[in-house]
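Structure first, then comments.
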Number of protein chains: 2
Amino acid sequence: MNECPIEITLNIISGKWKFLIIKELIDGPKRFSQLNRSIKGINQRMLTKQLRELEREGIIERKVYPQIPPKVEYSLTDLGEKLHPVLLTLHQWGVEYIKSKGVDTSYKECETKLQFTQKV
Amino acid sequence: MNECPIEITLNIISGKWKFLIIKELIDGPKRFSQLNRSIKGINQRMLTKQLRELEREGIIERKVYPQIPPKVEYSLTDLGEKLHPVLLTLHQWGVEYIKSKGVDTSYKECETKLQFTQKV
DNA sequence: CAGAATCCTCAAGGATACTG
DNA sequence: CAGTATCCTTGAGGATTCTG
């Protein structure tokens, strides 16, 4: 406690996956299996764990459709949507970094994705 | 490789300490011992390790003053300075989070610190 | 003062199998 | 489909000691 807001944010959105999950959900609600497919390298256990934690922090919402086979949709809450500027600046710096290293062209698809949903 | 810029950024500025170190250096160059004191909870080994990694990525610069006792100053490079917007959005979201939880008042000092150096 | 060198712990993360 | 339940590994991070 008595931490600065930056620390608070970092403690909440820590780990390898949370920001990537949030990035996926910026495009709109997605199902568990969709997330599992679009986030490369994650496995079911990790995805479940991270989703639960994000839910507990009030960043995402979990909506269960009572049907068989089950359908569960995850979406950003208002608080979660407010992470958009963070994603944008992280993205922009990533581009700067790539430029500064002289490497390029390898990030096209993610960039466009974020541009489309740019609200600010 | 072929990662999106967000992933690239997160991979580079990962771990528990890097953002906090960068935050300290936004106020201007600082000595090793200063950083060691102002970053609560870090120890020498970790500080050294993180500084080396940040240096290797071109985010900070290390300046040695050849004297006894030794003096070493760390500062942000241009690339490092460009992380300012990220720090700001992380900070802003932290404040939002605190508001949404109804907790407050415990972050005053860090906030002012960042306002002073706000360049954007 | 600014570190290098060791040693150690634990928890984040991963692999796999099973289920309503 | 959307998860649990186990078991396991690795390395991030920590504590301590020594030094030019």
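Atoms considered below: every heavy atom in the structure, side chains included; atoms not considered: hydrogens, waters and symmetry mates. A, B, ... follow the sequence lines: proteins, then strands. Residue 1 opens every chain.
When rounded to the nearest whole Å, the span between CD1 of B:Ile68 and C1' of D:dG20 equals 8 Å. Distance CD (B:Gln50) to C1' (D:dG11): 13 Å, rounded to an integer number of Å. Distance CD1 (B:Ile39) to C1' (D:dG13): 15 Å, rounded to an integer number of Å. Atom C1' of nucleotide D:dG13 and atom CH2 of B:Trp17 are separated by 9 Å, given to the nearest angstrom. Look at CZ on A:Arg45: it is 14 Å from P on D:dC8, rounded to the nearest Å. In this structure, A:Met46 atom CE and D:dT4 atom P are separated by 13 Å, rounded to whole Å. Atom C1' of nucleotide D:dC18 and atom CG of B:Asn43 are separated by 15 Å, given to the nearest angstrom. Regarding B:Lys18, its NZ atom lies at a distance of 10 Å from the C1' atom of D:dA12, rounded to whole Å.
A donor-acceptor pair is defined here as one N or O able to donate and one able to accept, closer than 3.5 Å; no such pair exists between the side chain of B:Trp93 and the backbone of A:Gly80.
The residue B:Tyr65 sits apart from the nucleic acid: no heavy atom pair falls under 4.0 Å.
Using a cutoff of 4.0 Å between basic side-chain nitrogens and carboxylate oxygens, A:Glu73 and A:Arg31 are not scored as salt-bridged. Ion pairing between a basic and an acidic side chain is recognised when a charged N comes within 4.0 Å of a carboxylate O; B:Arg56 and B:Glu53 show no such pairing.
The side chain of B:Lys16 lies closest to D:dG13, out of D:dG3, D:dG13, D:dC1.
With contacts defined as side-chain heavy-atom distances shorter than 4.5 Å, the pair B:Thr9/B:Val86 does not qualify.
Counted by atom type alone, B:Tyr97 and A:Glu57 present one or more donor-acceptor pairs between their side chains at under 3.5 Å. Side chains of B:Tyr74 and B:Glu61: a donor-acceptor N/O pair is absent below 3.5 angstrom, by distance only.
For D:dA2, one of the phosphate oxygens OP1 or OP2 lies less than 4.0 angstrom from a side-chain nitrogen or oxygen of A:Ser33. Taking 4.0 angstrom as the limit, A:Arg31 places a side-chain polar atom (N or O) nearer than this to OP1 or OP2 of D:dA2. Contact annotation: A:Tyr74 does not reach the phosphate of D:dC1 (side-chain N/O to OP1 or OP2, under 4.0 Å). Residue A:Lys49 places no side-chain N or O under 4.0 Å from the OP1 or OP2 atom of D:dG3.
Read 5' to 3', the first and last nucleotides of DNA chain C with an atom closer than 4.0 Å to a heavy atom of chain B are C:dC1 to C:dT6.
At most 12 heavy atoms of other shown residues, nucleotides or ligands fall within 6.0 angstrom of atom CG in B:Asp78.
Between A:Pro70 and A:Thr48, it is A:Pro70 whose nearest contact on DNA chain D lies nearer the 5' terminus.
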